[in-house]
Amino acid sequence: MSEIDIFGLPGIFQTINDAEQTGTLKVQKDDKEANIFFVKGNIRMAAFSYRRNILVEALIHCHEMEKETIESLLAKQRNSKKSWIQFWKETELPEPSFKDEQFLSQICSGQINEEMYDLFNWPNVHCEFVENSFPSHLPERELMSLPIAINPQALVMEATRRQDEWKLIRNVIPSNRDIMYLVQHAPLPNTMSATDLSSMIANTVSEWPDFFETVSKVGYSAGKSMDLLAELVKNGTIQGNQTREFKRIFLIVAVLETNKALSAMISKSRLQKEIIIKILFLLHSQEKINLEPSSEISKVITIINLINGLRDFDEIMEQARMPAFVLMSISASLVAAEIARLKTAEELLQLPALDVLREDTKKCIRIYERVEELGSKSLLTVQWLAYAYEASGLTGKAVEKYRELGSLCMESNMYAEAVSAYRKIVDFSQDDQIQLEAYEKLITAFNKWGKKDKAAEISAKYARKVSVTDKRKAILVLDNANRNYPSSPSNLELMATLYLEMGDKENAIQTYGILANLMRKQEDFNRCLDAYRKILAIDSANIKAHLELARGNIELGKIPEGVQQYKELGSILHNYVQNMAKQNTDRNSMKNLCEILVDVCDCILRHDIENIPAREWLTETYILLEDEHNALSILRELLVLLQKTNTIDKLLLYLRKTILLDPDDFRSRKMLADILLKQQKRQAAIHEYMQLGTRSYEKNDLRRAREAFDSILNIDPFNLTARQRRSEILDALNLQAKAVDEYRLVGYLAKAIGMLPEAIQAFSHIAELAADKEIWCFKEVAELCELLQENRKAIDYYKNYAMRCLTHGNFGEVREAACRILALNPQDREAQLWKLQSDQKLNLLAKALQEIPSPERGGGEE
């Protein structure tokens, strides 16, 4: 136990008490936290993050209630989802007094005191006092209604006293791992006859005037009292000739007989009543216990009932339901009074062999640990603890024990056992220095055992660890191992690695080459291929190593691995070829690499027929080789695969490449346009449809051309170019009516956006196709030509319009057309004549209309 710092936490408690402050003191140490609630300087309640509710902890240590009853109440409270204080008030208890505030305050105060004594021993704590505040989230706050007021000054004084007492306890009981057992003293030799014994007792009793009155109050008859005294004399508890001993005996008997709880405890005890009286007599004689209050006797009986020669003090404490200080203080008194003893190391060593303990690893660990603490360490204890720590997952402790075990085995020439121990250290230790030390000893053990091959194997592992800090030393280790066991593959491999780490790539590659040849001779083809992998890790441009690795895997039947290696090589070659093409490298060199790449791709496709990257590389390689036939063939196969995988971006890329090689590939261009449209790339889609329509039109494939331009108009109905092409196609297909309708749309669309020449051209086509039916088109062309100041052309179209209107008797339009012509050419004789004729016709029409009687002028019915 550490000394209490009265200027630390205890000093803070005293300061708060002196100032009569109210609030919460928060004490923190690592991940532990305690909140102590003060009211006017006194402690009202406390809450601990590493403990349950104070009331729960108090009940667990409460001897007034049966343990089973408390466990049942704990389970019910958890199911009720009520707070503890509410549950306690509402539930039915064995005794109504258990609900009294006095009882609850008493047990909670005792629990808080015990927690405070432990708290004072926390070193380097962080404290924070918040005045006039109590955390609402802590369940202990509801317990503040209990009338608890613990004086911090008294706490500090008691803590100091206990600190001194702990020192005395530890002088008697050094460790909680110690196991205590009751001493069975042999009865003292008694040469007196029964008559002499009775006479001696009678003489002693005669010196106690009120003896019979005293024993009668206890409930004992004179005969029963004399028999009890005789039994205690026989077993050596008392001498039998001292009245004060008789009086002390009957004081103890009086307490035991008049207290029902104590009587019940004794009746359940495995010890005879006389033995319990003897123990209490010895303790009381040596002033180790008081007879009042009876709770002290209760604690003694509880402890002696738990002493069975198997339980250590931690186990007794768990079952005794009492504070550690109380239990250890009473236990120390039992040992000091020679009522009980602590088992020696030799006695402890016998316990793990018992059936009741043999399977309890945790318990046996505690026993063996205590045996070693007592100075009885041996090969048996070290070996058992090492195995037990390992099985229990205590790797740190296991490592230390295996280190001890290894040394002991080496001293005893037990090399196999030493190797096993050092292997465990290597496997479990997290400390590099300890691991290196274990490797060195492991190599030594193997060599002494005659296992040279194993020593070489471990040397490789050791060198690998050493190389982290000293690569030259690692190489020396490997060299020494090679002298004992030449041609070790692991050593060759590690040497190559170390060369590489030192920057010596040439020696590293050479060493890996030697390793590959060695493995091939030993027919270890997997390690042979692994050596090639290491070469590639150093020099990824080593094409020969790539090929050897790929071919080797295929030969071994590792098709997926071989194909994967070909794929890696293909990726590398593809990048090389593309870079060479960009840099205009020597074409012959590039051609050689292209031919290798073609072979590699063929190998891939031989085993993975639907491999897309290989076809991509083949396509681009054939393009570089200007082999358009093979390029297109592979491209079309690739497009089929890409459609299955729905990889749109790649599909678009290779559709464009296909079109680039074969611009007339209608299917690919149509697919490209359709995909672009689905991706909402309208302009790009329109561009492709336009290209498709234009090329089809140029090839006189009017059906496909019309389909392409229809697709554009579905996207953009106002696309003038598409409309123009569509009208031309309809015209070419002799679909006159549809062509006229389309030209009309083109003309008005072009006119609306100011593209007057295009509008003129469209209306002109209508004039060519349906001049007699679509007279209006002549006027439209004439007006547009007039706007463009193409007056001669305008006059021609106005005249055509006027002549057709004249044929149909539309003199108003004739007159308007004539006026437009005269505005452009006042000397035009035809226009003058048409204007004169139309005026005359219109005047006659006006007069005729005037002669028709109107209802307003009173005209009668005919």
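Remember, predicted model here, so these are calculated numbers, not experimental data.
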State whether the number of non-hydrogen atoms from other residues, nucleotides or ligands found under 6.0 Å of [X] atom [atom1] is greater than 12.
| X | atom1 | value |
| --- | --- | --- |
| Lys448 | NZ | no |
| Lys363 | NZ | yes |
| Lys454 | NZ | no |
| Arg472 | CZ | no |
| Tyr499 | OH | no |

Over all atoms of both residues, closest heavy-atom pair of [X] and [Y]:
| X | Y | answer |
| --- | --- | --- |
| Ser459 | Leu478 | O-CD2, 4.1 Å |
| Thr381 | Tyr368 | CG2-CD2, 3.7 Å |
| Val419 | Ala445 | CG2-CB, 3.7 Å |
| Tyr422 | Ser407 | OH-N, 3.5 Å |
| Ile367 | Leu348 | CG2-O, 3.4 Å |
| Ile365 | Ala388 | CG1-CB, 3.6 Å |

Would a distance-only check, ignoring hydrogens and angles, find a side-chain to backbone donor-acceptor pair under 3.5 Å from [X] to [Y]?
| X | Y | value |
| --- | --- | --- |
| Asp164 | Arg161 | no |
| Glu315 | Asp312 | yes |
| Gln28 | His126 | no |
| Ser376 | Glu372 | no |
| Ser467 | Arg464 | yes |
| Asp360 | Val356 | no |

Trace of the side chain to side chain contact (heavy atoms under 4.5 Å, CB included) decision for Thr160 with Phe120: CA-CA 10 Å; Thr160 305; Phe120 287 156; over 6 Å; no

[X] [atom1] to [Y] [atom2] distance, which is reported to the nearest 0.5 Å:
| X | Y | atom1 | atom2 | value |
| --- | --- | --- | --- | --- |
| Lys451 | Phe446 | NZ | CZ | 8.5 Å |
| Leu357 | Leu351 | CG | CG | 6.0 Å |
| Glu400 | Ile425 | CD | CD1 | 8.5 Å |
| Thr444 | Met410 | OG1 | CE | 6.0 Å |
| Lys26 | Cys127 | NZ | SG | 11.5 Å |
| Ser420 | Leu405 | OG | CG | 7.5 Å |

Salt bridge flag under 4.0 Å for residues Arg311 and Glu318: no

Step-by-step side-chain hydrogen bond (donor to acceptor under 3.5 Å, both in side chains) determination, Glu33 to Asn35: CA-CA 7 Å; Glu33 179 178 298; Asn35 287 274; 3.1 Å; yes

Below 4.5 Å, heavy atoms only, C-beta onward: do [X] and [Y] meet side chain to side chain?
| X | Y | result |
| --- | --- | --- |
| Leu306 | Asn308 | no |
| Tyr512 | Thr497 | yes |
| Asn491 | Glu457 | no |
| Ile434 | Arg403 | yes |
| Arg341 | Leu182 | no |
| Lys452 | Asn447 | yes |
| Asp530 | Asn526 | no |
| Val326 | Ile330 | yes |

Derivation and outcome, salt bridge (Lys or Arg N to Asp or Glu O under 4.0 Å), residues Asp355 and Arg358: CA-CA 5 Å; Asp355 291 340; Arg358 186 178 294 115; 2.5 Å; yes

Row check, Tyr181 ring normal vs Lys343 NZ/CZ: under 6.0 Å, within 45°: yes

Stepwise side-chain hydrogen bond (donor to acceptor under 3.5 Å, both in side chains) check, Tyr389 with Glu369: CA-CA 11 Å; Tyr389 285 148; Glu369 285 177 340; 2.3 Å; yes

Pair Glu404-Lys401, salt bridge (Lys or Arg N to Asp or Glu O under 4.0 Å): steps then yes or no: CA-CA 5 Å; Glu404 294 180 26; Lys401 280 299 164 189; 3.4 Å; yes

Any donor-acceptor N or O pair under 3.5 Å, side chains Ser429, Gln435: no

Between Gln433 and Glu437: side-chain donor-acceptor atoms closer than 3.5 Å: no

Derivation of the side chain to side chain contact (heavy atoms under 4.5 Å, CB included) call for Asn53 and Glu57: CA-CA 6 Å; Asn53 185 297; Glu57 291 289 343; over 6 Å; no

side-chain hydrogen bond (donor to acceptor under 3.5 Å, both in side chains) between Glu440 and Tyr462, worked out: CA-CA 7 Å; Glu440 290 178 354; Tyr462 175 44; 2.4 Å; yes

Parallel, tilted or perpendicular: rings of Tyr387 and Tyr402 (30°, 60°): tilted

Criterion salt bridge (Lys or Arg N to Asp or Glu O under 4.0 Å) against Asp314, the qualifying member of Arg366, Arg370, Arg177: Arg366

Criterion side chain to side chain contact (heavy atoms under 4.5 Å, CB included) on Met322 and Met317, from CA distance to verdict: CA-CA 7 Å; Met322 65 181 67; Met317 197 179 306; 5.8 Å; no

Side chain to side chain contact (heavy atoms under 4.5 Å, CB included) evaluation trace for Gln522 with Leu518: CA-CA 6 Å; Gln522 295 181 2; Leu518 175 64; 3.4 Å; yes

Ring centres under 6.0 angstrom apart (Trp122, Tyr50): yes

